[in-house]
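Please read the structure below before turning to the comments.
One-based numbering, in listed order, for ligands and for the atoms of each. Positions are given from 1 along the sequence.
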Amino acid sequence: MEQRIIESVLKDLGIKNKNYGANSGSSTGWIKTGGKELVSYSPISGQPIASIVQATRSNYDAIMTRAKTGFEKFRMMPAPERGQIVRDIATVLREKKEALGALITLETGKIKSEGQGEVQEMIDIADFSVGLSRQLHGLTMHSERPFHRMYEQWHPLGIVGIITAFNFPAAVWSWNALIAAVCGDVILFKPSSKTPLTAIAIQNCIAPVVDKYDIDGVFNLIIGERAEVGDPLLNDSRIPLISATGSTAMGKKVATQVAARLGRSLLELGGNNAIIITKDCNLEMALRATLFGAVGTAGQRCTSTRRIIIHTAIKEQFLTLLIKAYEQIKIGDPLKDDTLMGPLIDSQAQANMMQAIETAVKQGAKLVYGGTRLKIPGLEQGSYVTPAIVEAANHYPIVQEETFAPILYIIEYKELEDAVRMHNDVPQGLSSSIFTDSIKDQELFLSHKGSDCGIANVNIGTSGAEIGGAFGGEKETGGGRESGSDAWKNYMRRQTNTINWGENLPLAQGIVFNIKGVQK
Ligand code: UN1
């Protein structure tokens, strides 16, 4: 079944058995790259899907030249016209939703419905960006000087580097690329080497739109190794902004390298997201949110629920219900309709999960469910696991870490203030949630002494954020905000303009600086 799906999806998205790893957006924009071959294997079965000839350093330079030329033209196009381009991209994405979603499933192992959901997230951000293209507003200020006018305007930044992770290979591209595009930037996309085909598919989807508007050099792609492509990109002073999604370790490296040349970085890194479950909440809702948050995408979202901080009085009841629900989760081929959890991305992720559980037990935790390797008949090469439930204490070093796998730590509390303190007592600060029917508990959680995360939800889980809000988090999550709200400002440079339309040259702050014979 998988082979047939692979063939039809690749055909539909214009992917060949062997592909090039650099493109400047148009259908003729592919560069005949000459680097090492990279094979994309499906985590579902471990079988190869297709391969890519990666880009070399000189391929990188060629793409940068095209990006630079692309920017010179694109920046002068009125923003609403750029919005029109993104509107056309949204139309293609609607047409290709099924195929692109299936490819995301093939390359990441996330279930079908989540693959489709990821393309929907792209469509949503495209629609949002179209509206935004008429709303790149600046403020006007009242000048302290007579016959003066002051305002600010937002200019495009230039070339924006986008580095993405395997778990959202398409949506995170769209958050960055489509908003940057309406802002008048051009982008250089470096996808995860675990999901290069989704990146190639995106290029193929948008190529007819790029051709129609003659904007080669706006949506650039580069697939290559760190020495050939990754490091040159981070160190390139022609790239004023690098937007990077991935682990905290990766983010620290990006931040350091980009800061060394005083470039800007926009970081969306690890999370260690918790749900606080209070005594008086709707426990069934809390249970459903926990299941999607901890098991969805096999625990491989940066927003995945990793900790449950639950009131002692209801802990046993909740745990019983949770285990019962975990027993019913269908694990296996993510292409099948009734599967709820697919494989982990690779055997390294599986090994990391097993290692983390072992470490947790050594540190005093109790494994109460799952945490085993699974062999699915016919898919023996896939890294399947049973999701784990572990009773633990918040201060255990392993609980303080983000393990990118479905491990859920259960932590008890007696007083809400303690729950909030434990909640915040981790290095990461992405997403958070409380389940409660008490307005007081809710407001404490949302107050200045409440959750310290970038996202704080009430009676909603930690994952599955809508695109309309700003997305990102504090502390080791990196501080960046992407997607909705005013995250677009990251992709532009602000300019303050003061205009004197009078006959005098008064100085601000009342400074007198008169030179005889020159001033009035
Ligand atoms: C990520 O895991 O990097 O909120 C992004 C969510 C999705 C995005 C996750 N909308 O779970």
At less than 4.0 angstrom from any non-hydrogen atom of Arg301, what atoms of ligand 1 do you find? 2 (O), 6 (C), 7 (C), 11 (O)

If you scan protein heavy atoms around atom 4 (O) of ligand 1, the nearest is Ala465 N, 2.7 Å

side-chain hydrogen bond (donor to acceptor under 3.5 Å, both in side chains) partner of Arg307, the single match among Asn273, Thr462, Asn394: Asn394

Atom 9 (C) of ligand 1 [closest protein heavy-atom partner, distance rounded to 0.1 Å]: Phe168 CE1, 3.6 Å

Can you confirm, on distance only, whether ligand 1 has an N/O atom lying under 3.5 Å from any N/O atom belonging to Thr303? yes

Donor-acceptor pair, Asn220 side chain versus Gly25 backbone, under 3.5 Å? no

Classify the contact between Glu268 and ligand 1 as side chain, backbone, both or neither, using a heavy-atom distance cut-off of under 4.0 Å. side chain

Polar proximity ligand 1 side, Asn167 side, N/O cut 3.5 Å exclusive: yes

Considering the options Asp337, Thr105, Asp333, which one meets the side-chain hydrogen bond (donor to acceptor under 3.5 Å, both in side chains) requirement together with Lys112? Asp337

Would you say Cys302 has any N or O atom under 3.5 Å from an N or O of ligand 1, going by distance alone? yes

Under 3.5 Å between some N or O of ligand 1 and some N or O of Ser463? no

Could you label the plane-to-plane angle of the Trp173 and Phe219 rings as parallel, tilted or perpendicular, counting under 30° as parallel and over 60° as perpendicular? tilted

Determine the interplanar angle of the Trp175 and Phe471 rings, folded into 0 to 90°, and report it as parallel if under 30°, tilted if 30 to 60°, perpendicular if over 60°. tilted

How long is the straight-line distance from CD1 of Ile345 back to OG1 of Thr108, given to the nearest 0.5 Å? 6.0 Å

Out of all atoms in ligand 1, which are within 4.0 Å of some heavy atom of Gly464? Include the element for each. 4 (O), 6 (C), 11 (O)

Which residue and atom name correspond to the protein heavy atom nearest atom 10 (N) of ligand 1, and how close is it? Glu121 OE2, 3.0 Å

Are the side chains of Thr386 and Tyr326 in contact, using a 4.5 Å heavy-atom criterion? no

Any N or O of Phe471 closer than 3.5 Å to N or O of ligand 1: no

Thr297 pairs by side-chain hydrogen bond (donor to acceptor under 3.5 Å, both in side chains) with which of Lys110, Glu118, Glu114? Glu114

N or O pair under 3.5 Å between Gln300 and ligand 1: no

